[in-house]
Amino acid sequence: MAEERLTPRHDREPETLARPPDYHVKVLLVDDQASVSEAVRRALSDQPDIGFHYCSDASIALPMAKSLSPTVILQDLVMPGTDGLTLVSRYRADPQTRDVPIIVLSSNENPQVKGQAFALGANDYVVKLPDKTELVGRLRYHSKAFLNLVQRDAAYRALRQSQQQLIESNTTLISVNQKLEEATLAKSQFLANMSHEIRTPMNGILGMTALLLDSDLTDEQRDYVEATRSSADALLTIINDILDFSKIESGKLELEHHPFDLLTCIEEVMDLLAPKAAEKNLDLVSMVEDSIPKILIGDITRLRQILVNLIGNAVKFTHHGEIVLQVGFAEHRTADPRLPQKNDVLPIRKSPAEPARAAAKPPSVPRPKYDTDLLRRSEPRTLHFSVRDTGIGIPAEKQGALFKSFQQLDASTTRHYGGTGLGLAISKRLVELMGGSIWVESEAGKGATFHFTVRARCAAPLISPGWQNAQPQLAGKRLLIVEDNFSNRHVIARRAERWGMAVQIASTAERALDFFAQGHPFDAVLLDAQLPDVPGLDLAQQIRQQPHGRFVPLLLLTSVWLRQDDAQAGQGDISAVVHKPIRPSQLLEALCSALQVRLQREKKAPSVPALDADLGRRLPLQVLLADDNPINQKVGLSVLRKLGYRAEVVADGTQVLKALEQRPYDILFLDVQMPEMDGLECARHICERWPAAKRPKIIAMTGNALIGDREKCLEAGMDDYISKPVRIGEIQAALERWAPGRPKTIQDAPAPSASVVAPSEGLIDHAIIAELRDIPPADGVTMLEEMVDLFLEAAPQRITQISQSLRDPSSLAFHAHTLKSMSLNLGARRVIELSRRLEELGRSGKVDGAPALLQELEQAFVMTKEQLLPLKSESKAKA
């Protein structure tokens, strides 16, 4: 084979010396005669837009044609090995050469051969060799036709592709629009349901760990279970991050106001992050001012979330050194309310090796607007938290982006440390919701200190934990602390001195051995297991070799979790192990155990009464209760009577309007689901007919407790919202909140939490049964006895009505809701769950699964009845 390519000026000049032109015509000649090739080459040599290629071997003609992609093929008929007609058929059989024009070259014009050539797919037939004009003309004609075909096909393909893309784009756009509309409509429902679905299994884990903690466990097992519980709490918090961000952005996040133990909250956070800190050989230290009450009123979940974010970030961005959390009361008298008061936050003296760091005053920021009336009722205080680390620090020019959503310092930070950048943004919004502010002090390479303040209400004065008090059994005991970390030394020494101990400090093993060599006697020695010069266990063995250290109790301070019987502890005859981060209660217990003295246990605080039986006298009110269900009426009237009120009762919205026309009322407890006129419609009529100053405060009572139900009640003109089952505490709080002379807004009231019913928890909620049992009997009949009789009488009627409404969705939803409502008052869990599912089917209009649920409901009622009857008999016997 020989191959040639023509160029307009340099016939045989290498391609590296001259760039070939863009050819419009590319000719492939397949002929075994070199003379034919030379003749064709000469004929085309002066055609600048025609490229010429030659193949003399029939066996490689097809591969060469596929490689070159010619615009026309000149094919000789007579060739050795493979004839030209066979090659023509091969060209047409291959997808790459199927449409390339083929001009057959022949030495004669045999009609039969010509017919065979055209039949096999040839486009032209010439006797070789034609003159130059004819040859060039035929080549140009067939090439142009082929190129036009190629261009047309390409245009058609591009058009079809464009049309398909347009169709796909339109389809996608329509689908996106539909999804956006659906997402907008379902947003509030999604947040409520997702919150429930995620929390339910986690609550199961927490519940089971709580049961385990109440059982007989070894110390080791209890530690494992407590670690499981703390991890489950933290996992639940982390899972909630994305839900929280959505809720915050949509304004749906509401804080809780419940009593919590601040120290326990901090210790759980530190324990959660301790393993990661231990991996990096970091010291975690917490310092909480003793003047802060043990129990505060606030949102422990959100506070824990902020602390996990800040301390977790500190661990992530710190490679050596320490992370220190300090908590104290903030200064109320300073110009900037965010700054801590001098005497409230524990001072941290810097060791000589620590670089000095300027405490730049944070820039002034506007205080967030929020309602704090609920907190002001019992002297709210501003707490100041600071999280200091010895990490990489933050350049001043990049600190402004820290608290923005999805932002970190730079791309390299994200690649190296990971994270979405949501943690600080969520923390900032949560801090502002809690009435505080957040800021940072830092320099590049010199660590960072994150500060934040929150408003919290202090609970009634309680007995302080035992470890905050003096310990007479430790008074005068001499303690040697061997610890290289200054903050840990400070915390331990400060606490031991308050217990009455005499403290000596050594920052190195050498200094500790000097004390023993000088004859200093000690009653106990606390050794850090991770000393920089000598491991703590090695130091323990060296102390045992000293005359004054042979029998002294040794306590090992370690960030690695060790069991009491661990072989490592036995190497130095260790009396007790204290784990980092240091818990004062654990430290006290370990010292008492090592010194063989009795630990003074914390006294229990007196219980607080659950209700105020004198409330009706202190706050005289005219109360009207509206509910169509006799069981709900009985419960509501009994609870109000227990609080000192004699309320009147009506059964639907029309009766409410008639009652208001006859006499004024201060408080109206209004059921939402009632016949004739429901609670929402009734509330609208009341707001239209009576001005705010002359109408009662309307408090909704409903078995629905999803996000969105509360908003519907408020939009209808109601003032407050209570979810069933109605509890005495909630009724009492509502009466106190809305009594005349105490003008409030709905913002003062914490949002009710949904009562989640788990079928696996049993048929009956015994906590509700206990509340009914505690209500004093009337006329010799206990409340529990009367409620059981009413339920067993009314529930079968409702179940019959449900069975008759299986083809009527609206009636099915109404009767199922009514059954659910009456069942809530007795805590009939399984009946509540099945009624709820039937109600949802009715509201959706899809009742195909209703018969099967009805059958389950009937069975559940029978089993519930079997459990209620013995409880009724027991209550009657005690009365």
_Check against ring-ring contact (aromatic ring centres under 6.0 Å, His included), His520 and His548_ = CA-CA 8 Å; His520 289 276; His548 293 281; 9.2 Å; no
*Are Glu483 and Arg489 ion-paired here, with the side-chain N under 4.0 Å from a carboxylate O?*
no
*Hey, does the side chain of Ser593 reach the backbone of Glu589 with a donor-acceptor pair shorter than 3.5 angstrom?*
no
_Any donor-acceptor pair under 3.5 Å from Asp523 side chain to Arg478 backbone_ = yes
_Side-chain donor or acceptor of Arg381 paired with backbone N/O of Arg455 under 3.5 Å_ = no
*Measure from the side-chain N and O atoms of Lys280 to the backbone N and O of Lys316, and report whether any donor-acceptor pair falls under 3.5 Å.*
yes
*Ignoring hydrogens and angles, tell me if any N or O in the side chain of Asp389 forms a donor-acceptor pair with the backbone of Ala448 under 3.5 Å.*
yes
*asked:* Test your reading of the model: is there a side-chain donor-acceptor pair from Thr453 to the backbone of Ser437, 3.5 Å cut-off?
replied: yes
*Could you tell me how the ring of Phe515 sits relative to the ring of Phe522: parallel (under 30°), tilted (30 to 60°) or perpendicular (over 60°)?*
perpendicular
*Under the 3.5 angstrom rule, does the side chain of Ser442 hit a backbone N or O of Ile394 as a donor-acceptor pair?*
yes
*Passes side chain to side chain donor-acceptor pair (under 3.5 Å), Glu322 versus Ser487? Steps please.*
CA-CA 8 Å; Glu322 63 180 6; Ser487 299; 3.0 Å; yes
_Main-chain N/O of Trp467 paired to Trp499 side chain as donor or acceptor, under 3.5 Å_ = yes
*Test the Arg222-Tyr224 pair against the cation-pi criterion, namely NZ or CZ under 6.0 angstrom from the six-membered ring centroid and within 45° of the ring axis.*
no
*Any chance CD of Glu510 has more than 12 other-residue heavy atoms, nucleotides or ligands included, within less than 6.0 Å?*
no
*For residues Gln541 and Arg544, is any side-chain donor paired with an opposing acceptor at under 3.5 Å?*
no
*Any chance you could measure Leu595, atom CG, to Gln473, atom CD, to the nearest 0.5 Å?*
9.5 Å
*Between Val288 and Ile266, which heavy-atom pair has the shortest distance, and what is it?*
CG2-CD1, 3.6 Å
*Compute whether any side-chain donor of one residue and acceptor of the other, for Ser507 and Asp484, lie under 3.5 angstrom apart.*
no
*Under 3.5 Å, side chain of Asp538 to main-chain N/O of Val534, donor-acceptor pair present?*
no
_How long is the straight-line distance from CG of Leu325 back to CG of Leu307, given to the nearest 0.5 Å?_
6.0 Å
*Is the side chain of Gln221 donor-acceptor paired with the backbone N or O of Thr218 at a distance under 3.5 Å, no angle test?*
yes
